[in-house]
> 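I'd like to ask you about the structure that follows.
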Amino acid sequence: MTTQQAMTTQQAMTTQQLPTATALVTGASRGFGRAIATALAKAGPQVVGVARDRNRLQELHEELGAGFTPVVADAADPVVAGQLIDQWRPQVLVLNAGASPLARPLQRHTWQTFSRNWEVDVQQAFNWTREALLLPLDPGSVVIALSSGAAVNGSPLSGGYAGAKAAIRFLTRYAAEESERDGLGVRFISLLPKLTPATGLGSAAVAAYAARDGEDVAAYLEKTGPALTAEQVGRAAVELAAGPGNDRDAYLLTAAGLTALA
Ligand SMILES: NC(=O)c1ccc[n+]([C@@H]2O[C@H](COP(=O)([O-])OP(=O)(O)OC[C@H]3O[C@@H](n4cnc5c(N)ncnc54)[C@H](OP(=O)(O)O)[C@@H]3O)[C@@H](O)[C@H]2O)c1
C-alpha cells in the first residue's frame, strides 16, 4: 500500500457519516450531474446543485425537496468557485460540469472549438480544486472530478476533449499529492466514465461516431457493449464519497462498475 492509499483509507468518510455531510455538485441540471445530485440527496447529505439553467434546477428542487439547494451560476467562473466553497464548505464536492464538444474531425475545428473543454471543464476543475486545497476543506472531505474514458482512449471527433479530460485526471492526482504533503486528509479522486448515449453530451458523441463508421446508432452500440446509465454514475459517486475500499485516485466506470486505475 502506498502512502497515498494509506492516507485515503484512514480519512475516508463512512456511510454513517455521509447523511450529515453537505455535498456540492456542479452541472447538476441534467445528465450525470442530475443523477449524482439525486443519488447523494437520497443517501442523506444536503446537496447544493450548481448549473446555469434555472428552470431545470428548479425542477430538480421540486423533485428532491428541501434537501436540494439550486444555485444558478457558471461553474467555470473563479469567483463562483471561491464564493461557493467559502459559503458551503462541502464535505463532498463533485466537479461534473462539462461543455459538449463540437463533434467534428480535427481539421474541422478552430482553436476556439478545439479548446472549449479546456476553458470550461479544466478551468472549473482547476479553480475548485485550488480553492479546496487553499481553504482547506475539512479532513475526511472528498473531491470527485469527472474525467472520461476518453482520457485513456482518445476521442478523435471531439477536438481537445480527451486532452482536457486527461489534464483533469493529472491535476486531481497533483491535488491528492498536495493534500498528502500538507496532511490535509482531503481525498481527490478522478472518475472516468465510458462514453454512453444516456446524456445529451454522450448521445451526440455516439451519433457522430456511429455516422463516421457508417452505422446506425443501434449497430454502433451493439459493437461497444452494455451502456452505462446516469443512475449508475450517481451510485458510483456515492460509493466513492463514502464507504470502505475506495482508496485510489482514479477509477474507470463502465456498466460493469468501478475499476481502480494504476
Ligand atoms: N456522457 C458521457 O458519455 C460522458 C462520458 C465521460 C465523461 N463525461 C463527463 O461527465 C460530465 C457530465 O456530462 P453529461 O454527459 O452529463 O453532460 P450533459 O448532459 O451535457 O450535462 C452537462 C452538465 O454540465 C452543466 N454545465 C456545462 N457548462 C457549465 C458551466 N459553465 N457552469 C455550470 N454548469 C455547466 C450543464 O448545465 P447548464 O447547461 O444548466 O449549465 C449540465 O448540467 C462532463 O464533465 C462530461 O465530460 C460524460
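Order of listing sets the numbers, starting from 1, for every ligand and every atom in it.
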> So which protein heavy atom does atom 43 (O) of ligand 1 come closest to, and at what separation?
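It is S29 OG, 2.8 Å.
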> What do you reckon, does R56 put a non-hydrogen atom under 4.0 Å from ligand 1?
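Contact check R56 vs ligand 1: negative.
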> What part of A73 sits under 4.0 Å from ligand 1 if we count only heavy atoms: the side chain, the backbone, both or neither?
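The part of A73 near ligand 1 is the backbone, not the side chain.
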> Could you see which bit of P197 sits under 4.0 Å from ligand 1, with heavy atoms only: side chain, backbone, both or neither?
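Contact part for P197 vs ligand 1: neither.
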> Within ligand 1, which atoms have a heavy atom of D53 less than 4.0 Å away?
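Atoms satisfying the 4.0 Å criterion: 40 (O).
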> May I ask you to identify the nearest protein heavy atom to atom 9 (C) of ligand 1, giving residue, atom name and distance to one decimal place in Å?
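The answer is Y161 OH, 3.9 Å.
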> Does some side-chain heavy atom of V92 sit less than 4.5 Å from a side-chain heavy atom of T22?
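The answer is no, as the side chains (C-beta and beyond) never meet within the 4.5 Å cut-off.
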> Who's the nearest protein heavy-atom neighbour of atom 21 (O) of ligand 1, and how far?
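Nearest protein contact, heavy atoms only, for atom 21 (O) of ligand 1 is R30 NH1, 3.6 Å.
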> Ligand 1 and P193, any nitrogen or oxygen pair closer than 3.5 angstrom?
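So ligand 1 has no N or O lying under 3.5 Å from an N or O of P193.
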> Give the residue, atom name and distance (to 0.1 Å) of the protein heavy atom nearest atom 48 (C) of ligand 1.
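That would be F32 CE1, 3.3 Å.
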> Would you say that more than 12 heavy atoms from the other residues, nucleotides or ligands in this model lie under 6.0 Å from the CZ of F68, or not?
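Yes, because the 6.0 Å sphere around CZ of F68 holds more than 12 heavy atoms from other groups.
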> Identify whether the distance between the nearest side-chain nitrogen and carboxylate oxygen of R30 and D53 falls below 4.0 Å.
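Not counted as a salt bridge, because no side-chain N and carboxylate O are separated by less than 4.0 Å.
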> Short list, please: which atoms of ligand 1 are under 4.0 Å from a heavy atom of S147?
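Answer for ligand 1: 7 (C).
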> Against heavy atoms of L195, which atoms of ligand 1 measure under 4.0 Å?
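The list of qualifying atoms is 3 (O).
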> When only distance counts, is A99 in polar contact with ligand 1, meaning an N/O pair under 3.5 Å?
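No, no N or O pair falls under 3.5 Å.
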> Can a salt bridge be assigned to the pair R34 and E63 using a cut-off of 4.0 Å between side-chain N and carboxylate O?
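Looking at R34 and E63, the cut-off is met.
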> Please state which protein non-hydrogen atom is closest to atom 35 (C) of ligand 1 and give its distance, to 0.1 Å?
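Its nearest protein heavy-atom neighbour is A97 CB, 3.5 Å.
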> Can an N or O of S148 be found at a distance shorter than 3.5 Å from an N or O of ligand 1?
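No.
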> Any non-hydrogen side-chain atom of L40 less than 4.5 Å from a side-chain atom of V94?
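Result yes, sub-4.5 Å side-chain heavy-atom pair found.
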> Got a salt bridge between K223 and D213, using NZ or NE/NH1/NH2 to carboxylate O under 4.0 Å?
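Counted as a salt bridge, because a side-chain N and a carboxylate O are separated by less than 4.0 Å.
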> If you have a sec, work out which protein heavy atom is nearest atom 41 (O) of ligand 1 and how many Å separate them, to one decimal?
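Ranking protein heavy atoms by distance from atom 41 (O) of ligand 1, first comes R52 NE, 2.7 Å.
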> Atom CD of residue position E222 - does it have more than 12 heavy atoms of other residues, nucleotides or ligands inside 6.0 Å?
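12 or below, so no.
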> What I want to know is whether V50 and ligand 1 share at least one N or O pair that is separated by under 3.5 angstrom.
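It does not: no N or O of V50 is found under 3.5 Å from an N or O of ligand 1.
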> Tell me which protein heavy atom sits closest to atom 1 (N) of ligand 1, plus the residue, atom name and distance to 0.1 Å.
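For this ligand atom, the closest protein heavy atom is T199 OG1, 2.9 Å.
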> I'd like to check L258 versus L240 (side-chain heavy atoms, cut-off strictly below 4.5 Å). Are they in contact?
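Yes - at least one pair of side-chain heavy atoms lies under 4.5 Å apart.
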> Evaluate the criterion side-chain contact (heavy atoms from CB on, under 4.5 Å) for residue pair V238 and L18; output intermediate values, then yes/no.
CA-CA 9 Å; V238 172; L18 189 58; 3.9 Å; yes
> Check K165 against ligand 1 and report side chain, backbone, both or neither, counting heavy atoms closer than 4.0 Å.
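The answer is the side chain.
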> Quick one: closest heavy-atom pair of A164 and W118, and the distance?
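Heavy-atom minimum between the residues: N-CZ2, 3.4 Å.
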> By number and element, which atoms of ligand 1 are closer than 4.0 Å to a non-hydrogen atom of G202?
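Within the 4.0 Å cut-off of G202, ligand 1 contributes 1 (N), 3 (O).
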> Counting heavy atoms only, name the option from L201, L253, L57 that's nearest to atom 13 (O) of ligand 1.
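Going through L201, L253, L57 one by one, L201 has the nearest heavy atom to atom 13 (O) of ligand 1.
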> Using distance alone, with no hydrogens and no angle criterion, decide if Y209 and S155 have a side-chain donor and acceptor under 3.5 Å apart.
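Note: Y209 and S155 side chains meet the donor-acceptor criterion.
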> Is the CZ atom of R169 crowded by more than 12 outside heavy atoms at less than 6.0 Å?
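For R169, atom CZ is crowded (more than 12 foreign heavy atoms under 6.0 Å).
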> Considering the heavy atoms of D74, write down every atom of ligand 1 situated less than 4.0 Å from one of them.
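Those atoms are 30 (C), 31 (N), 32 (N).
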> Can you report which non-hydrogen protein atom sits closest to atom 12 (C) of ligand 1, along with the distance?
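Its nearest protein heavy-atom neighbour is N96 OD1, 3.1 Å.
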> What are the two closest heavy atoms between V120 and A76, and how far apart are they?
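Nearest heavy atoms, V120 then A76: O-CB, 3.9 Å.
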> Tell me whether ligand 1 is touched by G200 - counting only heavy atoms on the residue side and a distance under 4.0 Å.
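Distance cut 4.0 Å: G200 passes for ligand 1.
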> Does L137 reach the side chain of Q91, with side-chain heavy atoms less than 4.5 Å apart?
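Counting from C-beta outward, L137 and Q91 never come under 4.5 Å.
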> Looking only at heavy atoms of T26, does any of them come nearer than 4.0 Å to an atom of ligand 1?
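False for this residue.
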